[in-house]
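To start, the structure itself, in structure tokens.
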Amino acid sequence: MSETDAALIFDARDVVGESLVWDERRERLVWVDIIGRRIHRLDPSTGAHESWPTGDLVTSVGLRADGGAIVGLRKEIALWDFGGPFRTLATIEAERPNTRLNEGVVAPDGSFWVGTMANNIGPDDAPKAITSDEGKLYRVGPDGDVKRLSEDSFGITNTMVWLPDGRFITADTMKNALYSYGWEKKAGRLGDALPFFAGFERGLPDGSCLDAEGHVWNCRVVGGSCLARISPDGRLDRIVELPCSWPTSCAFGGADLDTLFVTSARFTMSAEHLAANPLEGGLFALRPGVRGIAGNRFG
């Protein structure tokens, strides 16, 4: 594999594959299918695959220090041992029936950061239009305490990475923009948003991961068909083409953290498009010539 020939490694056919993480202890990839209501686990070296149904929307997943997982559902953050029941740790925005959870990532301090958004999925799983910025950012501590991180509102919260210098990078998919935040230590919250990377003409920003050189790899969803590598100062470094039109989430994995894995979606696509583009919703892999960094663990 090279950066120009990303290959399908698992034909997941996810409706919305998301929240990809690498479990270095088990050498497995873990991710969710939000609308497909399932959690995947895959050994990319053998192709051995497991999946678990979740009953309702499952929006994100992270790994715990004790070996289990932390999972974002429609409104709940739950502790989960692979194959076991969900044990609710916290509920987010219970008083706001028209929102749901979206992106969720374990932070460097072992907490779980999660974003919300206006619910864009109808009762029949058809797309619903988003007409206002309802998304917020929260921190969930190991004991289940929930704290709002910023007063800012988002259309769709996506991307959560922490640069080596401490800056937090997040995206609003609806605004085609990534933002940079500093940390106000005394207040225990994010500072003011600064523009980081905006207006890129290919698709819209979805999930991201960080490489060992401090660059952000951003999936360009909604027809972007590529990954954008963004330097720490917010400049476009390079574009990597992908054989899917809606890449959603990415993570470095493999024994040397030198393989970049990418999930994708087929949400809103017509039967004609899927017949002509059968790889949509699959899991892909490439070797971009740089290595990643180990993920954080909750708790």
Side-chain angles (χ1 to χ4, degrees), residues 8 10-21 29-42 49-62 69-78 80 86 92-93 96-105 114-131 134-135 154-160 171-174 203-207 219-225 242 244-251 261-275 277-284:
L8 180 78
F10 183 69
D11 189 15
R13 303 196 175 206
D14 286 328
V15 184
V16 182
E18 272 288 3
S19 196
L20 185 64
V21 293
L29 291 161
V30 180
W31 74 100
V32 307
D33 180 354
I34 295 178
I35 298 177
R37 296 168 171 80
R38 56 184 174 164
I39 300 173
H40 294 282
R41 185 164 66 181
L42 177 75
H49 172 254
E50 304 163 276
S51 72
W52 297 270
T54 59
D56 196 4
L57 301 183
V58 55
T59 54
S60 62
V61 65
I70 182 166
V71 177
L73 300 169
R74 186 185 291 267
K75 287 284 192 180
E76 292 79 29
I77 303 296
W80 183 66
F86 293 109
I92 310 290
E93 296 186 355
R96 303 179 74 205
N98 296 319
T99 65
R100 68 168 178 87
L101 298 178
N102 197 47
E103 186 86 320
V105 178
V114 66
T116 62
M117 60 181 284
N119 180 43
N120 65 336
I121 302 166
D124 56 355
D125 289 344
K128 289 174 59 177
I130 296 175
T131 58
E134 302 294 338
F154 300 81
I156 299 178
T157 53
N158 261 313
T159 287
M160 292 184 180
D172 188 334
T173 302
M174 299 291 288
L204 299 171
D206 204 322
C219 293
R220 304 299 299 187
V221 77
V222 192
S225 304
L242 295 170
C244 62
S245 58
W246 281 43
T248 51
S249 178
C250 55
F261 298 96
V262 184
T263 58
S264 64
R266 46 175 53 203
F267 189 46
T268 75
M269 296 178 187
S270 68
E272 293 76 17
H273 176 87
L274 292 172
N277 301 274
L279 302 187
E280 306 282 20
L283 176 73
F284 303 90

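Quick caveat, the model's predicted, so the values are computed rather than measured.
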- So do Arg74 and Asn119 actually touch side chain to side chain, heavy atoms under 4.5 Å? yes
- Message: Between Thr159 and Glu103, is there a side-chain donor-acceptor contact under 3.5 Å, judged purely by atom types and distance?
- Response: no
- Query: Stepwise, does the side chain to side chain contact (heavy atoms under 4.5 Å, CB included) test hold for Leu20 with Val262?
  - Reply: CA-CA 8 Å; Leu20 185 64; Val262 184; 5.8 Å; no
- Message: On a heavy-atom basis, which atom in Gly72 and which in Ile77 lie closest, and how many Å separate them?
- Response: CA-CD1, 4.0 Å
- Are any non-hydrogen side-chain atoms of Ser51 and Arg41 less than 4.5 angstrom apart? no
- For residues Pro205 and Asn158, determine if any side-chain heavy atom of one lies less than 4.5 Å from a side-chain heavy atom of the other. no
- Residues two or more places apart in sequence or in another chain: which of them pass side-chain hydrogen bond (donor to acceptor under 3.5 Å, both in side chains) with Thr59? none
- Short question: side chain of Glu18, backbone of Ser249 - any donor-acceptor pair under 3.5 Å? no
- Task: Go through the structure and list residues passing side-chain hydrogen bond (donor to acceptor under 3.5 Å, both in side chains) with Thr263, not counting sequence neighbours.
- Result: Thr248
- Give a yes or no answer on whether the side chain of Lys75 reaches the backbone of Arg96 with a donor-acceptor pair at less than 3.5 Å. yes
- Message: Any donor-acceptor pair under 3.5 Å linking the side-chain atoms of Thr99 with those of Glu134?
- Response: no
- Task: Measure the shortest side-chain to side-chain distance between Glu93 and Leu101 over non-hydrogen atoms and say whether it is less than 4.5 angstrom.
- Result: no
- Should Trp246 and Asp206 count as side-chain neighbours, where that means a heavy-atom distance under 4.5 Å? no
- Message: If we ignore hydrogens and angles and just use 3.5 Å, is the side chain of Thr157 paired with the main-chain N or O of Thr116 as donor and acceptor?
- Response: yes
- Task: Determine yes or no for a side-chain-to-main-chain donor-acceptor pair under 3.5 angstrom, with Asp172 supplying the side chain and Ile156 the backbone.
- Result: yes
- Heavy-atom donor-acceptor pair, Ser60 side chain to Ser19 backbone, under 3.5 Å: no
- Query: Are any of the side-chain heavy atoms of Asp56 and Leu73 separated by less than 4.5 Å?
  - Reply: no
- Would you check if the side chain of Ser264 reaches a backbone N or O of Gly281 as a donor-acceptor pair within less than 3.5 Å? yes
- So do the side chains of His40 and Leu283 get within less than 4.5 Å of each other, counting heavy atoms only? no
- Polar side-chain atom of Asp33 near backbone of Val15 as donor-acceptor pair, under 3.5 Å: yes
- Which is it for Arg37 and Ile35 under the side chain to side chain contact (heavy atoms under 4.5 Å, CB included) test, yes or no, and what are the steps along the way? CA-CA 5 Å; Arg37 296 168 171 80; Ile35 298 177; 4.2 Å; yes
- Item | Contact check, side chains of Arg100 and Ile121, non-hydrogen atoms, under 4.5 Å | yes
- Message: Evaluate Ile34 against Phe267 for side chain to side chain contact (heavy atoms under 4.5 Å, CB included), listing each step before the verdict.
- Response: CA-CA 10 Å; Ile34 295 178; Phe267 189 46; over 6 Å; no
- Query: Can you say whether the rings of Trp80 and Phe86 are parallel (under 30°), tilted (30 to 60°) or perpendicular (over 60°)?
  - Reply: parallel
